[in-house]
Peer 1: 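Quick one: the structure is below, questions incoming.
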Amino acid sequence: MRRHLIIGRLGPGDRTRVPCAGDEVATRLELVVGDRALGHGIGRALSDLGRISVYPTEIGVDLLVVAAHVHAADTRISRGSESQDGWTREIRLVVPVSDPERWTAAAPVFTRLLNFLTGDRWNLGFRSRPRRFARIAPARRPMLFNPAFDDLALFSGGLDSLIGAIDSLEAGRTPLLVSHAGEGATSDAQTTLFDALKAQYRGRSFDRLRLWMAFPDGLVAGSAGENTTRGRSFLFFALGVFAGTGLNRAFTLKCPENGLIAINVPLDPVRLGALSTRTTHPFYIARWNQALAALGVDGRIENPYWDKTKGEMVGACANGALLRRIAPASLSCASPTKGRWQGFGTQHCGYCLPCLIRRASLTAGLAPDTDPTVYTIDDLTARPLSTRESEGVQIRSFQLAIARLRARPDLPPLLIHKPGPLFDESPARQAALADVYRRGMEELGTVLDGVRTRPG
(Lines give C-alpha, C1' and ligand atoms only; values in the text may rest on other atoms or scores of the structure.)
Protein backbone atom coordinates (compact mmCIF):
# COMPACT_ATOMS: atom_id res chain seq x y z
CA MET A 1 0.00 0.00 0.00
CA ARG A 2 1.22 3.51 -0.84
CA ARG A 3 -0.34 6.86 -0.03
CA HIS A 4 -0.57 9.23 -2.99
CA LEU A 5 -0.34 12.98 -3.49
CA ILE A 6 -1.45 14.65 -6.73
CA ILE A 7 -0.11 18.21 -7.09
CA GLY A 8 -1.66 20.39 -9.76
CA ARG A 9 0.70 22.79 -11.53
CA LEU A 10 -0.12 25.70 -13.84
CA GLY A 11 2.93 25.83 -16.07
CA PRO A 12 6.69 25.60 -15.47
CA GLY A 13 6.67 28.88 -13.54
CA ASP A 14 4.36 27.44 -10.88
CA ARG A 15 6.91 26.58 -8.21
CA THR A 16 4.90 27.02 -5.02
CA ARG A 17 6.31 24.56 -2.50
CA VAL A 18 3.92 21.77 -1.52
CA PRO A 19 5.15 19.71 1.47
CA CYS A 20 5.10 15.97 0.90
CA ALA A 21 5.01 13.43 3.73
CA GLY A 22 7.73 10.83 3.75
CA ASP A 23 5.36 7.98 2.94
CA GLU A 24 3.56 9.78 0.11
CA VAL A 25 4.16 9.21 -3.59
CA ALA A 26 3.97 12.65 -5.21
CA THR A 27 2.74 13.08 -8.79
CA ARG A 28 2.82 16.33 -10.74
CA LEU A 29 -0.34 17.01 -12.74
CA GLU A 30 0.50 19.61 -15.36
CA LEU A 31 -2.61 21.59 -16.23
CA VAL A 32 -1.18 23.83 -18.96
CA VAL A 33 -0.22 23.06 -22.54
CA GLY A 34 1.76 25.50 -24.63
CA ASP A 35 2.02 29.04 -23.31
CA ARG A 36 -1.07 29.30 -21.12
CA ALA A 37 -3.88 27.14 -22.52
CA LEU A 38 -5.45 24.70 -20.09
CA GLY A 39 -5.07 21.07 -21.08
CA HIS A 40 -7.03 17.87 -20.45
CA GLY A 41 -9.96 19.24 -22.43
CA ILE A 42 -10.61 22.16 -20.06
CA GLY A 43 -9.38 24.90 -22.42
CA ARG A 44 -11.32 23.30 -25.28
CA ALA A 45 -14.49 23.24 -23.15
CA LEU A 46 -14.09 26.96 -22.40
CA SER A 47 -13.71 27.70 -26.11
CA ASP A 48 -16.66 25.51 -27.08
CA LEU A 49 -18.91 27.25 -24.57
CA GLY A 50 -17.71 30.68 -25.68
CA ARG A 51 -18.87 29.92 -29.20
CA ILE A 52 -22.42 29.53 -27.89
CA SER A 53 -22.17 32.57 -25.59
CA VAL A 54 -21.81 30.62 -22.33
CA TYR A 55 -19.05 31.97 -20.08
CA PRO A 56 -18.36 29.98 -16.89
CA THR A 57 -17.22 31.74 -13.72
CA GLU A 58 -13.82 31.34 -12.07
CA ILE A 59 -15.40 29.01 -9.51
CA GLY A 60 -16.84 27.00 -12.40
CA VAL A 61 -13.35 26.69 -13.90
CA ASP A 62 -11.97 25.74 -10.48
CA LEU A 63 -14.51 22.96 -10.19
CA LEU A 64 -13.49 21.41 -13.49
CA VAL A 65 -9.82 21.68 -12.47
CA VAL A 66 -10.61 19.90 -9.19
CA ALA A 67 -12.45 17.24 -11.19
CA ALA A 68 -9.36 16.74 -13.37
CA HIS A 69 -7.33 15.95 -10.25
CA VAL A 70 -10.00 13.52 -9.02
CA HIS A 71 -10.26 11.82 -12.42
CA ALA A 72 -6.48 11.51 -12.74
CA ALA A 73 -6.21 9.93 -9.31
CA ASP A 74 -9.21 7.65 -9.80
CA THR A 75 -8.06 6.28 -13.17
CA ARG A 76 -4.28 6.15 -12.71
CA ILE A 77 -3.87 4.85 -9.13
CA SER A 78 -4.39 1.09 -9.07
CA ARG A 79 -6.58 -0.34 -6.35
CA GLY A 80 -4.82 -3.71 -6.68
CA SER A 81 -1.27 -2.53 -5.97
CA GLU A 82 -1.83 0.74 -4.10
CA SER A 83 -4.35 -0.24 -1.42
CA GLN A 84 -4.07 -2.42 1.63
CA ASP A 85 -7.40 -4.19 1.14
CA GLY A 86 -7.51 -4.35 -2.65
CA TRP A 87 -9.93 -1.44 -2.84
CA THR A 88 -9.44 1.56 -0.52
CA ARG A 89 -6.78 4.03 -1.65
CA GLU A 90 -5.44 7.00 0.32
CA ILE A 91 -5.29 10.06 -1.94
CA ARG A 92 -4.39 13.68 -1.22
CA LEU A 93 -4.93 16.44 -3.76
CA VAL A 94 -3.43 19.94 -3.76
CA VAL A 95 -5.29 22.05 -6.28
CA PRO A 96 -4.55 25.61 -7.52
CA VAL A 97 -7.81 27.60 -7.40
CA SER A 98 -9.03 31.18 -7.67
CA ASP A 99 -10.27 31.47 -4.06
CA PRO A 100 -8.51 29.07 -1.66
CA GLU A 101 -10.44 30.31 1.38
CA ARG A 102 -13.79 29.55 -0.21
CA TRP A 103 -12.62 26.14 -1.37
CA THR A 104 -11.08 25.29 2.00
CA ALA A 105 -14.41 26.06 3.68
CA ALA A 106 -16.18 23.71 1.27
CA ALA A 107 -13.50 20.98 1.46
CA PRO A 108 -15.15 18.86 4.21
CA VAL A 109 -18.30 18.42 2.12
CA PHE A 110 -16.34 17.51 -1.01
CA THR A 111 -14.24 15.06 1.00
CA ARG A 112 -17.37 13.42 2.36
CA LEU A 113 -19.02 13.03 -1.02
CA LEU A 114 -15.85 11.66 -2.62
CA ASN A 115 -15.30 9.14 0.18
CA PHE A 116 -18.90 7.98 -0.28
CA LEU A 117 -18.67 7.85 -4.07
CA THR A 118 -15.43 5.91 -4.52
CA GLY A 119 -14.84 4.12 -1.21
CA ASP A 120 -11.41 5.74 -0.86
CA ARG A 121 -9.95 8.14 1.70
CA TRP A 122 -9.58 11.57 0.17
CA ASN A 123 -7.84 14.64 1.54
CA LEU A 124 -8.29 17.93 -0.33
CA GLY A 125 -6.02 20.96 -0.08
CA PHE A 126 -6.15 24.22 -2.01
CA ARG A 127 -3.69 26.99 -2.85
CA SER A 128 -3.79 30.17 -4.90
CA ARG A 129 -3.21 30.03 -8.62
CA PRO A 130 0.01 31.67 -9.80
CA ARG A 131 -0.44 35.38 -10.57
CA ARG A 132 -0.20 34.69 -14.30
CA PHE A 133 -3.32 32.52 -14.06
CA ALA A 134 -5.23 34.61 -11.53
CA ARG A 135 -7.93 34.93 -14.16
CA ILE A 136 -8.79 32.03 -16.47
CA ALA A 137 -12.49 32.41 -17.18
CA PRO A 138 -13.10 34.56 -20.27
CA ALA A 139 -14.65 37.97 -19.75
CA ARG A 140 -18.33 38.10 -20.58
CA ARG A 141 -19.22 40.40 -23.45
CA PRO A 142 -22.57 42.01 -22.59
CA MET A 143 -23.60 42.53 -26.21
CA LEU A 144 -23.09 38.85 -27.02
CA PHE A 145 -23.80 37.25 -23.66
CA ASN A 146 -27.36 36.06 -24.03
CA PRO A 147 -27.38 32.26 -23.85
CA ALA A 148 -30.63 30.82 -25.17
CA PHE A 149 -30.55 27.69 -23.03
CA ASP A 150 -33.33 27.28 -20.49
CA ASP A 151 -32.50 23.69 -19.55
CA LEU A 152 -29.29 21.91 -18.55
CA ALA A 153 -28.93 18.14 -18.46
CA LEU A 154 -26.34 15.39 -18.43
CA PHE A 155 -26.28 13.38 -21.66
CA SER A 156 -24.35 10.13 -21.28
CA GLY A 157 -25.47 8.29 -24.39
CA GLY A 158 -27.59 5.92 -22.30
CA LEU A 159 -31.31 5.28 -22.51
CA ASP A 160 -32.27 7.38 -19.47
CA SER A 161 -30.43 10.49 -20.63
CA LEU A 162 -31.96 10.08 -24.10
CA ILE A 163 -35.44 10.05 -22.57
CA GLY A 164 -34.53 13.12 -20.52
CA ALA A 165 -33.45 14.99 -23.66
CA ILE A 166 -36.58 13.99 -25.60
CA ASP A 167 -38.86 15.03 -22.72
CA SER A 168 -37.13 18.40 -22.50
CA LEU A 169 -37.39 19.06 -26.23
CA GLU A 170 -41.02 17.93 -26.41
CA ALA A 171 -41.78 20.39 -23.58
CA GLY A 172 -40.52 23.19 -25.82
CA ARG A 173 -37.33 23.79 -23.86
CA THR A 174 -33.86 24.52 -25.23
CA PRO A 175 -31.43 22.26 -23.39
CA LEU A 176 -27.68 22.41 -23.20
CA LEU A 177 -26.68 18.74 -23.07
CA VAL A 178 -23.46 17.91 -21.25
CA SER A 179 -21.35 14.82 -22.00
CA HIS A 180 -18.08 13.29 -20.93
CA ALA A 181 -16.75 11.52 -24.00
CA GLY A 182 -15.15 8.40 -22.60
CA GLU A 183 -14.16 5.31 -24.56
CA GLY A 184 -15.07 5.04 -28.23
CA ALA A 185 -18.39 3.21 -27.98
CA THR A 186 -19.79 5.72 -25.50
CA SER A 187 -18.58 8.65 -27.56
CA ASP A 188 -20.10 7.17 -30.73
CA ALA A 189 -23.47 6.65 -29.01
CA GLN A 190 -23.55 10.26 -27.80
CA THR A 191 -22.84 11.58 -31.30
CA THR A 192 -25.35 9.29 -33.01
CA LEU A 193 -28.13 10.21 -30.58
CA PHE A 194 -27.40 13.93 -30.68
CA ASP A 195 -27.42 13.90 -34.48
CA ALA A 196 -30.74 12.03 -34.43
CA LEU A 197 -32.23 14.63 -32.07
CA LYS A 198 -30.97 17.45 -34.29
CA ALA A 199 -32.60 15.81 -37.30
CA GLN A 200 -35.88 15.36 -35.45
CA TYR A 201 -36.03 18.87 -33.98
CA ARG A 202 -34.77 20.89 -36.93
CA GLY A 203 -34.43 24.61 -36.37
CA ARG A 204 -34.22 24.28 -32.59
CA SER A 205 -31.15 25.91 -31.02
CA PHE A 206 -30.31 23.30 -28.39
CA ASP A 207 -26.66 22.28 -28.27
CA ARG A 208 -24.16 20.19 -26.36
CA LEU A 209 -20.86 20.41 -24.54
CA ARG A 210 -18.54 17.42 -24.74
CA LEU A 211 -15.36 17.01 -22.74
CA TRP A 212 -12.68 14.48 -23.55
CA MET A 213 -10.47 13.91 -20.51
CA ALA A 214 -8.09 10.99 -20.15
CA PHE A 215 -4.65 10.60 -18.58
CA PRO A 216 -1.70 8.62 -19.92
CA ASP A 217 -0.45 5.35 -18.52
CA GLY A 218 2.51 5.97 -16.30
CA LEU A 219 1.26 9.30 -14.96
CA VAL A 220 1.63 7.88 -11.44
CA ALA A 221 5.04 6.25 -11.13
CA GLY A 222 4.97 2.58 -10.24
CA SER A 223 1.20 2.23 -10.56
CA ALA A 224 -0.85 0.60 -13.27
CA GLY A 225 -4.09 2.23 -14.33
CA GLU A 226 -7.47 1.58 -12.72
CA ASN A 227 -10.66 0.74 -14.61
CA THR A 228 -13.28 0.69 -11.84
CA THR A 229 -13.86 4.44 -12.44
CA ARG A 230 -16.08 4.88 -9.40
CA GLY A 231 -15.28 8.60 -9.45
CA ARG A 232 -16.33 9.27 -13.03
CA SER A 233 -19.63 10.86 -12.04
CA PHE A 234 -17.72 13.51 -10.08
CA LEU A 235 -16.23 14.66 -13.38
CA PHE A 236 -19.63 14.41 -15.08
CA PHE A 237 -21.38 16.51 -12.42
CA ALA A 238 -18.53 19.01 -12.27
CA LEU A 239 -18.69 19.49 -16.04
CA GLY A 240 -22.42 20.19 -15.81
CA VAL A 241 -22.01 22.71 -13.01
CA PHE A 242 -19.08 24.31 -14.86
CA ALA A 243 -21.44 24.93 -17.80
CA GLY A 244 -24.25 26.02 -15.49
CA THR A 245 -22.19 28.82 -13.98
CA GLY A 246 -22.03 30.32 -17.47
CA LEU A 247 -25.79 30.70 -17.84
CA ASN A 248 -25.81 33.92 -15.76
CA ARG A 249 -28.78 32.83 -13.65
CA ALA A 250 -29.85 30.23 -11.13
CA PHE A 251 -29.73 26.81 -12.78
CA THR A 252 -30.78 23.24 -12.20
CA LEU A 253 -28.54 20.52 -13.58
CA LYS A 254 -30.74 17.54 -14.41
CA CYS A 255 -29.31 14.06 -13.96
CA PRO A 256 -31.78 11.69 -15.69
CA GLU A 257 -31.60 8.32 -13.94
CA ASN A 258 -34.27 5.78 -13.07
CA GLY A 259 -34.92 5.24 -9.36
CA LEU A 260 -33.81 1.59 -9.30
CA ILE A 261 -30.30 2.42 -10.48
CA ALA A 262 -30.13 5.66 -8.47
CA ILE A 263 -30.65 3.73 -5.23
CA ASN A 264 -28.74 0.69 -6.55
CA VAL A 265 -29.44 -1.68 -3.68
CA PRO A 266 -26.77 -4.42 -3.76
CA LEU A 267 -28.19 -7.73 -4.95
CA ASP A 268 -26.39 -9.58 -2.17
CA PRO A 269 -24.37 -8.54 0.90
CA VAL A 270 -20.92 -9.01 -0.68
CA ARG A 271 -21.66 -6.38 -3.33
CA LEU A 272 -21.92 -3.54 -0.86
CA GLY A 273 -19.07 -1.12 -1.60
CA ALA A 274 -16.88 -2.45 -4.36
CA LEU A 275 -19.67 -3.70 -6.62
CA SER A 276 -22.35 -1.16 -5.76
CA THR A 277 -21.93 2.15 -7.57
CA ARG A 278 -23.32 5.33 -6.04
CA THR A 279 -23.12 7.69 -9.00
CA THR A 280 -26.63 9.14 -8.62
CA HIS A 281 -27.49 8.08 -5.09
CA PRO A 282 -29.68 10.65 -3.25
CA PHE A 283 -27.07 11.06 -0.50
CA TYR A 284 -24.40 11.85 -3.09
CA ILE A 285 -26.59 14.39 -4.89
CA ALA A 286 -27.54 16.00 -1.56
CA ARG A 287 -23.86 16.44 -0.69
CA TRP A 288 -23.24 18.03 -4.09
CA ASN A 289 -25.97 20.57 -3.43
CA GLN A 290 -24.50 21.25 -0.01
CA ALA A 291 -21.08 21.77 -1.59
CA LEU A 292 -22.43 24.13 -4.26
CA ALA A 293 -24.09 26.22 -1.56
CA ALA A 294 -20.78 26.38 0.34
CA LEU A 295 -19.05 27.63 -2.82
CA GLY A 296 -21.74 30.25 -3.43
CA VAL A 297 -22.83 28.66 -6.72
CA ASP A 298 -26.43 29.57 -7.55
CA GLY A 299 -27.41 26.17 -8.84
CA ARG A 300 -28.41 22.69 -7.80
CA ILE A 301 -28.48 19.11 -9.11
CA GLU A 302 -31.69 17.13 -9.38
CA ASN A 303 -32.76 13.73 -10.69
CA PRO A 304 -36.22 14.31 -12.21
CA TYR A 305 -36.86 10.56 -12.55
CA TRP A 306 -35.94 9.44 -9.04
CA ASP A 307 -39.41 7.95 -8.45
CA LYS A 308 -39.70 6.10 -11.79
CA THR A 309 -38.51 2.69 -12.90
CA LYS A 310 -36.67 2.53 -16.20
CA GLY A 311 -39.69 0.88 -17.79
CA GLU A 312 -41.94 3.67 -16.52
CA MET A 313 -39.55 6.20 -18.03
CA VAL A 314 -39.75 4.41 -21.38
CA GLY A 315 -43.53 4.13 -21.26
CA ALA A 316 -44.04 7.79 -20.33
CA CYS A 317 -41.52 9.24 -22.80
CA ALA A 318 -43.04 12.33 -24.42
CA ASN A 319 -42.28 11.06 -27.94
CA GLY A 320 -42.58 7.28 -27.89
CA ALA A 321 -42.30 6.92 -31.66
CA LEU A 322 -38.95 8.71 -31.72
CA LEU A 323 -37.71 6.69 -28.77
CA ARG A 324 -38.63 3.43 -30.49
CA ARG A 325 -36.69 4.50 -33.57
CA ILE A 326 -33.45 5.69 -31.98
CA ALA A 327 -33.30 3.74 -28.70
CA PRO A 328 -31.14 1.00 -30.31
CA ALA A 329 -28.35 3.57 -30.73
CA SER A 330 -28.30 4.32 -26.98
CA LEU A 331 -25.68 2.46 -24.97
CA SER A 332 -26.36 0.75 -21.65
CA CYS A 333 -23.94 -2.20 -21.65
CA ALA A 334 -21.15 -2.28 -19.07
CA SER A 335 -18.73 -3.81 -21.64
CA PRO A 336 -20.05 -3.26 -25.17
CA THR A 337 -16.87 -4.50 -26.86
CA LYS A 338 -16.50 -7.81 -25.02
CA GLY A 339 -18.15 -9.77 -27.86
CA ARG A 340 -15.31 -9.04 -30.27
CA TRP A 341 -13.58 -12.34 -29.58
CA GLN A 342 -16.76 -14.00 -30.87
CA GLY A 343 -16.65 -11.92 -34.03
CA PHE A 344 -19.26 -9.36 -32.95
CA GLY A 345 -18.91 -5.60 -33.22
CA THR A 346 -19.78 -3.09 -30.52
CA GLN A 347 -23.15 -4.13 -29.11
CA HIS A 348 -25.04 -4.93 -25.92
CA CYS A 349 -24.13 -8.24 -24.30
CA GLY A 350 -27.65 -8.70 -22.92
CA TYR A 351 -26.64 -10.24 -19.59
CA CYS A 352 -24.70 -7.64 -17.57
CA LEU A 353 -26.57 -5.72 -14.87
CA PRO A 354 -27.37 -2.59 -16.94
CA CYS A 355 -28.32 -4.73 -19.97
CA LEU A 356 -30.79 -6.73 -17.89
CA ILE A 357 -32.42 -3.58 -16.53
CA ARG A 358 -32.54 -2.19 -20.08
CA ARG A 359 -34.17 -5.37 -21.43
CA ALA A 360 -36.83 -5.31 -18.72
CA SER A 361 -37.52 -1.61 -19.23
CA LEU A 362 -37.95 -1.82 -23.00
CA THR A 363 -40.06 -4.96 -22.72
CA ALA A 364 -42.35 -3.21 -20.22
CA GLY A 365 -42.30 0.29 -21.67
CA LEU A 366 -42.64 -0.50 -25.39
CA ALA A 367 -45.28 -3.24 -25.10
CA PRO A 368 -46.81 -4.52 -27.30
CA ASP A 369 -43.79 -3.63 -29.42
CA THR A 370 -40.64 -5.65 -28.83
CA ASP A 371 -37.24 -4.50 -27.65
CA PRO A 372 -35.33 -3.40 -30.80
CA THR A 373 -31.87 -3.71 -29.21
CA VAL A 374 -29.39 -6.20 -30.66
CA TYR A 375 -27.94 -8.37 -27.87
CA THR A 376 -25.08 -10.85 -28.04
CA ILE A 377 -27.34 -13.32 -26.21
CA ASP A 378 -30.60 -12.48 -27.90
CA ASP A 379 -32.79 -15.10 -26.19
CA LEU A 380 -32.06 -15.60 -22.51
CA THR A 381 -34.39 -18.62 -22.38
CA ALA A 382 -32.81 -20.59 -25.24
CA ARG A 383 -30.46 -22.56 -22.97
CA PRO A 384 -29.38 -22.70 -19.33
CA LEU A 385 -26.81 -19.99 -18.58
CA SER A 386 -23.76 -20.85 -16.50
CA THR A 387 -23.39 -18.98 -13.21
CA ARG A 388 -19.66 -19.63 -13.40
CA GLU A 389 -19.50 -17.42 -16.46
CA SER A 390 -20.41 -13.74 -16.76
CA GLU A 391 -23.48 -14.69 -18.82
CA GLY A 392 -25.25 -16.09 -15.76
CA VAL A 393 -23.85 -14.31 -12.72
CA GLN A 394 -26.05 -11.20 -12.72
CA ILE A 395 -29.14 -13.13 -13.81
CA ARG A 396 -28.89 -15.55 -10.92
CA SER A 397 -28.24 -12.74 -8.45
CA PHE A 398 -31.30 -10.85 -9.69
CA GLN A 399 -33.43 -13.99 -9.51
CA LEU A 400 -32.42 -14.61 -5.90
CA ALA A 401 -33.04 -10.98 -4.95
CA ILE A 402 -36.46 -11.00 -6.64
CA ALA A 403 -37.41 -14.26 -4.91
CA ARG A 404 -36.37 -12.80 -1.55
CA LEU A 405 -38.55 -9.74 -2.11
CA ARG A 406 -41.54 -11.84 -3.13
CA ALA A 407 -41.17 -13.91 0.02
CA ARG A 408 -40.60 -10.84 2.19
CA PRO A 409 -42.56 -7.85 0.79
CA ASP A 410 -41.66 -5.91 3.94
CA LEU A 411 -37.97 -5.72 2.95
CA PRO A 412 -37.81 -2.72 0.51
CA PRO A 413 -38.04 -0.03 3.25
CA LEU A 414 -35.05 -1.68 4.91
CA LEU A 415 -32.98 -2.52 1.84
CA ILE A 416 -32.99 0.98 0.33
CA HIS A 417 -30.75 2.12 3.20
CA LYS A 418 -28.04 -0.44 2.38
CA PRO A 419 -26.17 1.57 -0.29
CA GLY A 420 -26.03 4.75 1.80
CA PRO A 421 -27.89 6.96 4.29
CA LEU A 422 -31.17 8.59 3.31
CA PHE A 423 -31.55 11.02 6.20
CA ASP A 424 -31.84 13.92 3.74
CA GLU A 425 -35.07 12.41 2.43
CA SER A 426 -38.49 12.90 4.05
CA PRO A 427 -40.42 9.84 5.27
CA ALA A 428 -42.77 10.21 2.28
CA ARG A 429 -39.87 10.27 -0.16
CA GLN A 430 -38.21 7.29 1.55
CA ALA A 431 -41.45 5.38 1.15
CA ALA A 432 -41.55 6.34 -2.52
CA LEU A 433 -37.95 5.15 -2.99
CA ALA A 434 -38.83 1.81 -1.41
CA ASP A 435 -41.79 1.50 -3.75
CA VAL A 436 -39.81 2.31 -6.90
CA TYR A 437 -37.25 -0.30 -5.83
CA ARG A 438 -40.01 -2.89 -5.44
CA ARG A 439 -41.58 -1.98 -8.80
CA GLY A 440 -38.23 -2.03 -10.55
CA MET A 441 -37.40 -5.49 -9.28
CA GLU A 442 -40.83 -6.78 -10.32
CA GLU A 443 -40.21 -5.26 -13.76
CA LEU A 444 -37.06 -7.36 -13.96
CA GLY A 445 -38.92 -10.42 -12.75
CA THR A 446 -41.18 -10.40 -15.80
CA VAL A 447 -38.11 -10.91 -18.01
CA LEU A 448 -36.07 -13.22 -15.77
CA ASP A 449 -38.72 -15.61 -14.44
CA GLY A 450 -38.35 -17.96 -17.40
CA VAL A 451 -34.54 -17.86 -17.56
CA ARG A 452 -32.69 -21.00 -16.44
CA THR A 453 -29.26 -20.94 -14.80
CA ARG A 454 -26.86 -23.71 -13.89
CA PRO A 455 -23.82 -23.72 -11.59
CA GLY A 456 -21.28 -24.48 -14.28
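Computed from a prediction, not measured in an experiment: that's the story for all the values here.
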Peer 1: A side-chain contact here means heavy atoms from C-beta on lying under 4.5 Å apart; do R36 and L10 qualify?
Peer 2: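 They are not in contact (no side-chain heavy atoms under 4.5 Å apart), so the answer is no.
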Peer 1: Is R438 paired with D435 through a side-chain N to carboxylate O contact shorter than 4.0 Å?
Peer 2: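 Judged by the 4.0 Å cut-off on N to carboxylate O distance, D435 and R438 do form a salt bridge.
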Peer 1: Roughly how far, to the nearest 0.5 Å, is the CH2 atom of W288 from the SG atom of C255?
Peer 2: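 CH2 of W288 is found 11.5 Å from SG of C255.
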Peer 1: Can a side-chain donor-acceptor contact be found between R325 and Q200 if the only test is distance below 3.5 angstrom?
Peer 2: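 On atom types as modelled, these side chains qualify, holding a pair under 3.5 Å.
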Peer 1: Do I261 and T277 have side chains that approach each other closer than 4.5 Å (heavy atoms only, starting at C-beta)?
Peer 2: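 Sidechains of T277 and I261: no contact.
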Peer 1: Fit a plane to each ring of F110 and F234, take the angle between them on a 0 to 90° scale, and name the class: parallel (under 30°), tilted (30 to 60°) or perpendicular (over 60°).
Peer 2: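 Because their plane-to-plane angle is over 60°, the rings of F110 and F234 count as perpendicular.
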Peer 1: Per the side-chain contact (heavy atoms from CB on, under 4.5 Å) rule, which among V178, I301, T280 passes with L154?
Peer 2: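 Single pass found, and it is V178.
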Peer 1: Would you check if the side chain of D85 reaches a backbone N or O of W87 as a donor-acceptor pair within less than 3.5 Å?
Peer 2: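 Flag set: sc D85 to bb W87 pair under 3.5 Å.
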Peer 1: I'd like to know if R89 and E226 make a salt bridge, using a cut-off of under 4.0 Å between side-chain N and carboxylate O.
Peer 2: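 Salt bridge: no.
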Peer 1: Could you point out which residue of R452, R383, R396 forms a salt bridge (Lys or Arg N to Asp or Glu O under 4.0 Å) with E391?
Peer 2: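 The single option meeting the salt bridge (Lys or Arg N to Asp or Glu O under 4.0 Å) with E391 is R383.
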Peer 1: Do NZ/NE/NH1/NH2 and the carboxylate oxygens of E312 and K308 come within less than 4.0 Å?
Peer 2: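 Salt bridge between E312 and K308, a charged N being under 4.0 Å from a carboxylate O: no.
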Peer 1: Quick check on the 6.0 Å ring-centre criterion: do H71 and H40 meet it?
Peer 2: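 Ring centroids of H71 and H40 are no less than 6.0 Å from each other.
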Peer 1: Using the benzene-type ring in the case of Trp, are the ring centres of F398 and Y351 under 6.0 Å apart?
Peer 2: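 For F398 and Y351, the ring centres are not under 6.0 Å apart.
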Peer 1: More than 12 foreign heavy atoms under 6.0 Å from CZ of R204: is that the case here?
Peer 2: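 Atom CZ in R204 is crowded, with more than 12 foreign heavy atoms closer than 6.0 Å.
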Peer 1: With a 4.5 Å cut-off on side-chain heavy atoms, are F215 and V220 touching?
Peer 2: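 Not touching, per the 4.5 Å side-chain cut-off.
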Peer 1: Can you tell me how far CG of L152 sits from OG of S168, rounded to the nearest 0.5 angstrom?
Peer 2: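 Rounded to the nearest 0.5 Å, the OG-CG separation comes to 10.0 Å.
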Peer 1: In plain terms, say whether D424 and R287 are close enough for a salt bridge, that is, a side-chain N and a carboxylate O under 4.0 Å apart.
Peer 2: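 Result for this pair is yes, salt bridge flagged.
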Peer 1: Measure the CG-CG distance between L253 and N303 for me, rounded to the nearest 0.5 Å.
Peer 2: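 Separation between the atoms: 10.5 Å.
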Peer 1: Indicate yes or no: at least one non-hydrogen side-chain atom of V32 is less than 4.5 angstrom from one of F133.
Peer 2: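 Of all side-chain heavy-atom pairs linking F133 with V32, at least one is under 4.5 Å.
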Peer 1: Could you give the distance from CG (L444) to CG (L267), rounded to the nearest 0.5 Å?
Peer 2: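 Interatomic distance, L444 CG to L267 CG, rounded to 0.5 Å: 9.0 Å.
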Peer 1: Under a 4.5 Å cut-off applied to non-hydrogen side-chain atoms, are D62 and L295 in contact?
Peer 2: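 Not touching, per the 4.5 Å side-chain cut-off.
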Peer 1: Could you tell me whether the side chain of I263 reaches within less than 4.5 Å of the side chain of P419, counting heavy atoms only?
Peer 2: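 Yes. Closest side-chain heavy atoms under 4.5 Å.
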Peer 1: Which distance, rounded to the nearest 0.5 Å, do you find between the OG1 of T174 and the CG of L169?
Peer 2: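 Here the interatomic distance stands at 8.0 Å.
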Peer 1: Measure from NZ or CZ of R208 to the centre of the six-membered ring of F194, then state whether that distance is under 6.0 Å and the direction lies within 45° of the axis.
Peer 2: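 R208 over F194 ring: yes.
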Peer 1: List the steps, then state whether side chain to side chain donor-acceptor pair (under 3.5 Å) holds for Q347 with T376.
Peer 2: CA-CA 7 Å; Q347 64 185 41; T376 300; 3.0 Å; yes
Peer 1: Are D371 and R359 within salt-bridge range, i.e. N to O under 4.0 Å?
Peer 2: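 No salt bridge links D371 with R359.
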Peer 1: Do the side chains of L31 and P96 get nearer than 4.5 Å, heavy atoms only?
Peer 2: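 Heavy-atom side-chain distance check passes, below 4.5 Å.
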Peer 1: Between R173 and D167 (salt bridge meaning N to carboxylate O under 4.0 Å), is one present in this structure?
Peer 2: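 A salt bridge is absent here (no side-chain N lies under 4.0 Å from a carboxylate O).
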Peer 1: With a 6.0 Å cut-off (strictly less than), is the heavy-atom count around CZ of R324, excluding the residue itself, greater than 12?
Peer 2: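 Yes, enclosed.
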Peer 1: Looking at D449 and R406, does any basic side-chain N land under 4.0 Å from a carboxylate oxygen?
Peer 2: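 A salt bridge links D449 with R406.
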Peer 1: Mind checking the CG-CG spacing from L177 to L162? Nearest 0.5 Å is all I need.
Peer 2: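 Answer rounded to 0.5 Å: 10.0 Å.
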Peer 1: Could you check whether E170 and N319, counting side-chain N and O atoms only, form a donor-acceptor pair closer than 3.5 Å?
Peer 2: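 Side chains of N319 and E170: pair found under 3.5 Å.
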Peer 1: Would R358 and S330 count as a side chain to side chain donor-acceptor pair (under 3.5 Å) if you check the C-alpha gap in whole Å, the side-chain angles of each, and the deciding distance to 0.1 Å?
Peer 2: CA-CA 10 Å; R358 176 192 178 96; S330 65; 3.0 Å; yes
Peer 1: Taking only Lys NZ, Arg NE, NH1 and NH2, and the carboxylate oxygens of Asp or Glu, determine whether D160 and K310 approach each other closer than 4.0 Å.
Peer 2: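 Here D160 pairs with K310 in a salt bridge, since their nearest N and O are under 4.0 Å apart.
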Peer 1: So do the side chains of L49 and P56 get within less than 4.5 Å of each other, counting heavy atoms only?
Peer 2: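 Side-chain contact under 4.5 Å: yes.
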